[in-house]
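As structure tokens, the structure follows; a few thoughts come after it.
Just so it is clear, the values below take in all heavy atoms, side chains as well, and ignore hydrogens, waters and symmetry mates. Proteins come first, then strands; the chains are lettered A, B, ... in the order of their sequence lines, and each starts at number 1.
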There are 2 protein chains.
Amino acid sequence: MTHTQHDYAAAIRKQGFRMTPQREMILDAVCEAGGHTTVDEIYSRLHARAPAVNRSTVYRTLEFLQEMHLVVAAEIGGQCVYEIAHAQPHHHLHCLVCGANIEISQEALVAAFAAIEREHGFAVATDHLVLTGACRACRETPA
Amino acid sequence: MTHTQHDYAAAIRKQGFRMTPQREMILDAVCEAGGHTTVDEIYSRLHARAPAVNRSTVYRTLEFLQEMHLVVAAEIGGQCVYEIAHAQPHHHLHCLVCGANIEISQEALVAAFAAIEREHGFAVATDHLVLTGACRACRETPA
DNA sequence: ATTACTGCAAAGGATTTGCATGTGA
DNA sequence: TCACATGCAAATCCTTTGCAGTAAT
């Protein structure tokens, strides 16, 4: 199954560029990963399916897909991670114990951002934050 | 003037390691920078004062100082930045327009973190967050 | 028929490592 | 003294780039 509901091909063509098998496979790979993926993970998936595809194509395509606003990037612990762009801004909770990745809505943080704006006059524009810590399961199961 | 109030030398020796001129100069360089510094900035400062010091020493020392809990690292826009470890956790507001770096206390975010814990059972342990956006000055002075 | 896109290989930059020498305790 | 640290140079890793060939529209 592919990502056809969103018709990424149309979105790309509308902006005057081309849909290619490589771009499709890379979009698939990012979709399949569910949450955050790294360049290496994407490349591995891709390479299993189409060994000829080059690493530089992965880099170039990820950059391209970001410009198309189909993919967004973030940083977790010095690592660059990618995911399919959502309509709404959202954030992530990353469990340091088990590695789980929980997605949360912007709402949990709007109040905090509003407080910062009130106190410091600073308009927070972060729309893809990663908070680290310990998830429920890991807290209830002490090592 | 150096950073003697904190007596970093003692802290290092207490853990069974040695204070050296290089480590002292690197600590000084991080102190002088005020807030966040990069490897390059540190190296430049250092090189001006002691041209013989090697880049790899800077890398090794920064890693060492992190293990000693004298320095902490964070990521801003893909760049690794360092600063002197504070007693209390705190966060930063990084202006994308002018590059200003505003330090804020943990308090502004504790409510948000508590809400996340309530809703998701997730204990946020992030103690050095960087929020990007636009600072007061830049918002009041439209380009 | 165009011209965007890809693969390849090489370049580039940042960081790490091995080893001999130097130095703090 | 002697293990810890440093300098140096080479190795390594990740990412980018130039170019010629390929393929999407």
Report the C-alpha separation of His86(A) and His128(A) in whole Å, then their side-chain angles, then the decisive distance to 0.1 Å, and conclude whether the ring pair (Phe, Tyr, Trp, His ring centres under 6.0 Å) test is met. CA-CA 10 Å; His86(A) 289 48; His128(A) 199 199; 8.1 Å; no
Contacts under 3.5 angstrom, residues 61-68 of chain B side chains, donor-acceptor by atom type, not counting sequence neighbours:
unit_1   : atom_1 : unit_2   : atom_2 : d
Thr61(B) : OG1    : Thr57(B) : O      : 2.6
Gln66(B) : NE2    : Leu62(B) : O      : 3.4

For residues 103-120 of chain B, dump all side-chain donor-acceptor pairs below 3.5 Å to protein atoms at least two apart in sequence or in another chain.
unit_1    : atom_1 : unit_2    : atom_2 : d
Ser105(B) : OG     : Glu107(B) : N      : 3.3
Gln106(B) : OE1    : His91(B)  : NE2    : 2.4
Glu117(B) : OE2    : Arg139(A) : NH2    : 2.7

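Of the inter-residue distances, the one linking Arg136(A) atom CZ with Leu93(A) atom CG reads 11.0 Å to the nearest 0.5 angstrom. The structure places CZ of Arg60(B) at 7.5 Å from CG of Asn54(B), a figure rounded to the nearest 0.5 Å. Atom OG1 of Thr38(A) is separated from atom CD of Glu41(A) by 4.5 Å, given to the nearest 0.5 angstrom. Here the straight-line distance linking atom CG of Leu27(B) with atom CE of Met19(B) works out to 5.5 Å at 0.5 Å rounding.
Side-chain contact between Tyr8(A) and Ile84(A) is present, with at least one heavy-atom pair separated by less than 4.5 Å.
Along DNA chain C, the nucleotide closest to Phe64(A) and the one closest to Arg55(B) are compared, and the more 5′ of them pairs with Phe64(A).
The footprint of chain A on DNA chain D, defined by a heavy-atom cutoff below 4.0 Å, extends from dC14(D) to dT25(D).
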Taking only nitrogen or oxygen atoms into account, show me every contact under 3.5 Å that the protein makes with nucleotides 19-25 of chain C, one pair per line with its distance.
unit_1  : atom_1 : unit_2   : atom_2 : d
dG24(C) : O3'    : Met19(B) : O      : 3.3
dG24(C) : N2     : Arg18(B) : NH2    : 2.8
dA25(C) : OP1    : Arg13(B) : NE     : 2.5
dA25(C) : OP1    : Arg13(B) : NH2    : 2.9
dA25(C) : OP1    : Met19(B) : N      : 3.4

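Formation of a donor-acceptor pair under 3.5 Å by the Thr132(A) side chain with backbone atoms of His94(A) is not found in this model. Proximity of a side-chain donor or acceptor of Arg23(B) to a complementary backbone N or O of Arg18(B) within less than 3.5 Å is detected.
Taking every heavy atom of residues 36-49 of chain A and every atom of DNA chain C, no pair lies under 4.0 Å.
Across the helix from dA1(C)-dT25(D) to dA25(C)-dT1(D), the helix axis at one end is tilted relative to the axis at the other end by 40° (nearest 10 degrees, each axis from five pairs).
Relative orientation of the His90(B) and His92(B) rings is perpendicular, given thresholds of 30° and 60° on the angle between their planes.
When the side chains of ILVMFWY residues are joined at heavy-atom separations under 4.5 Å, either directly or via intervening members, Phe17(B) and Val30(B) end up in a single hydrophobic cluster.
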